[in-house]
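Each remark here refers to the structure printed beneath this line.
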There are 2 protein chains.
Amino acid sequence: MVKQLPACPVELTIDLLGNKWKVLIIRDLMDGTKRFGELKKSMEGITQKVLTANLRDMEENCLLTRKVYAEVPPRVEYTLTDTGYSLRTVLDSMAEWGDSYKERVNA
Amino acid sequence: MVKQLPACPVELTIDLLGNKWKVLIIRDLMDGTKRFGELKKSMEGITQKVLTANLRDMEENCLLTRKVYAEVPPRVEYTLTDTGYSLRTVLDSMAEWGDSYKERVNA
DNA sequence: CCGTATCCCTTTCGATACTG
DNA sequence: CAGTATCGAAAGGGATACGG
């Protein structure tokens, strides 16, 4: 989690995006609301514990919302907030740079 | 360091950018070549060990170059490669998002 | 189904001391 | 000046088991 907001904007962003899991979660949710199990299945190699922890962080940072349905078996859905969606430009530039990087190293 | 390039572009980028220090180093070097001591001084709170480790990583990932001058006292200069410079768009979008985020949470 | 709790391992990091 | 070496603390993450 981010305890205290850093003054520097880029530092703030990297703190909130934090690790690869958060980035992948954001990108996944760009397609729309997903259940916990869907997220877990789509993210190769993540454990429940780590997925839960990251989702909690992001909820606290207002990047997504968590909705629990009072059903049996339980259903929990995660949805990006507007703030979360607004990360699209950042993710897009990151994806674009990643592609160009791969071209460079393969050349 | 990044052992093996991930297939996913955004994951690749977040792996190479990794932590807040690397982002801050890149941004610092956007202004031009800097010496080790200059970098250290401009980055509040970083230790020599951590700064060195991050610089080595980034050198290995071809984001910057390291030039050692055969002088006493020694002088070592770090310069972004073209690949490193090309991260500008990513950093810009991150800075922009960070600013808008601060407005949201203050509101 | 969607978690939490526990254990343990690995990595990371700060602090400090030392060197060419 | 620009590191490296060492140590010990802390954090992060995997595996597994259990719970509402």
Side-chain angles (χ1 to χ4, degrees), chain A residues 1-4 6 8 11 14-26 28-29 32-61 63-80, chain B residues 1-4 6 8 11 14-26 28-29 32-61 63-80:
Chain A
M1 246 299 294
V2 179
K3 290 87 179 155
Q4 204 170 350
C8 167
E11 191 179 334
I14 201 74
D15 275 3
L16 293 182
L17 240 41
N19 58 62
K20 80 166 182 178
W21 296 125
K22 288 184 182 166
V23 174
L24 295 180
I25 290 168
I26 301 268
D28 254 43
L29 291 180
T33 297
K34 286 201 177 180
R35 299 181 57 164
F36 183 86
E38 291 179 286
L39 281 171
K40 174 145 174 38
K41 191 165 49 178
S42 75
M43 312 194 43
E44 193 95 15
I46 198 169
T47 61
Q48 275 190 334
K49 176 183 153 187
V50 173
L51 178 54
T52 303
N54 278 291
L55 288 169
R56 291 289 185 282
D57 281 357
M58 295 164 74
E59 188 188 4
E60 197 162 350
N61 294 140
L63 299 184
L64 52 80
T65 59
R66 176 173 181 267
K67 180 157 192 198
V68 182
Y69 292 84
E71 301 173 2
V72 178
R75 178 161 57 111
V76 181
E77 290 184 347
Y78 294 91
T79 309
L80 286 186
Chain B
M1 246 299 296
V2 180
K3 291 86 177 154
Q4 203 168 349
C8 166
E11 191 180 334
I14 201 74
D15 274 4
L16 293 181
L17 238 44
N19 58 62
K20 80 167 182 176
W21 296 125
K22 287 184 183 166
V23 174
L24 295 180
I25 290 168
I26 299 267
D28 254 43
L29 292 180
T33 298
K34 284 202 178 181
R35 298 182 57 164
F36 182 86
E38 291 180 286
L39 282 171
K40 174 146 174 37
K41 189 164 50 177
S42 75
M43 312 192 43
E44 194 95 11
I46 197 170
T47 61
Q48 275 190 332
K49 178 180 151 187
V50 172
L51 178 54
T52 303
N54 278 291
L55 288 169
R56 291 288 186 282
D57 281 356
M58 296 164 74
E59 190 188 1
E60 197 163 349
N61 294 140
L63 299 184
L64 52 79
T65 59
R66 176 173 180 266
K67 180 158 190 195
V68 183
Y69 292 85
E71 300 174 3
V72 178
R75 178 161 57 110
V76 180
E77 290 184 349
Y78 292 92
T79 309
L80 286 185

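Sequence lines set the chain letters: A, B, ... in the order given, protein chains first and strands last, and positions in each chain run from 1. Everything numeric in this text was worked out from a predicted model, so none of it was measured. What you see below is based on every heavy atom in this structure, not just the backbone, and it leaves out hydrogens, waters and symmetry mates.
Evaluation of the side chain to side chain donor-acceptor pair (under 3.5 Å) rule for B/Asn54 yields B/Asn19 as partners, not counting sequence neighbours. Listed by chain and number, the residues in a side chain to side chain donor-acceptor pair (under 3.5 Å) with B/Thr33 are B/Thr79 (sequence neighbours excluded). Every residue two or more places apart in sequence or in another chain that forms a salt bridge (Lys or Arg N to Asp or Glu O under 4.0 Å) with A/Glu71 is listed here: A/Arg75.
Between B/Leu55 and B/Leu39 the shortest side-chain heavy-atom distance falls below 4.5 Å. Residues A/Arg66 and A/Val76 form a side-chain contact, since some pair of their non-hydrogen atoms from C-beta on lies under 4.5 Å apart. Annotation: side chain of B/Ile25 is in contact with side chain of B/Leu64 (closest heavy-atom distance under 4.5 Å).
Taking atom CG of B/Leu51 as the reference point, atom P of C/dC13 lies 12 Å away to the nearest angstrom. The distance from atom OH of B/Tyr69 to atom P of D/dA2 is 12 Å, rounded to the nearest whole Å. In this structure, B/Ile46 atom CD1 and C/dT12 atom C1' are separated by 13 Å, rounded to whole Å. If you take NZ of A/Lys22 and C1' of D/dG12, they are 11 Å apart, rounded to a whole angstrom. In this structure, CG of A/Asn54 is placed 10 Å from P of D/dG12, rounded to the nearest angstrom.
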What pairs of nitrogen or oxygen atoms, one from the protein and one from nucleotides 2-5 of chain C, lie under 3.5 Å apart?
unit_1	atom_1	unit_2	atom_2	d
C/dC2	OP1	A/Arg35	NE	3.1
C/dC2	OP1	A/Arg35	NH2	3.2
C/dC2	OP2	A/Gly37	N	3.0
C/dG3	OP1	A/Arg56	NH2	3.4
C/dG3	OP1	A/Arg66	NE	3.4
C/dG3	OP1	A/Arg66	NH2	2.4
C/dG3	OP2	A/Tyr78	OH	2.8
C/dG3	O3'	A/Arg56	NH2	3.4
C/dG3	N7	A/Gln48	OE1	2.5
C/dG3	N7	A/Gln48	NE2	3.1
C/dG3	O6	A/Gln48	OE1	3.3
C/dT4	OP1	A/Arg56	NH2	3.2

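Salt bridge status for B/Glu77 with B/Lys67: absent, with no side-chain N to carboxylate O gap under 4.0 Å.
Among residues at least two apart or in separate chains, side-chain hydrogen bond (donor to acceptor under 3.5 Å, both in side chains) pairs with a member in residues 39-52 of chain B are B/Asp28-B/Ser42.
Direction change of the helix axis from one end of the helix from C/dC1-D/dG20 to C/dG20-D/dC1 to the other is 50°, with five pairs defining each end axis (rounded to 10°).
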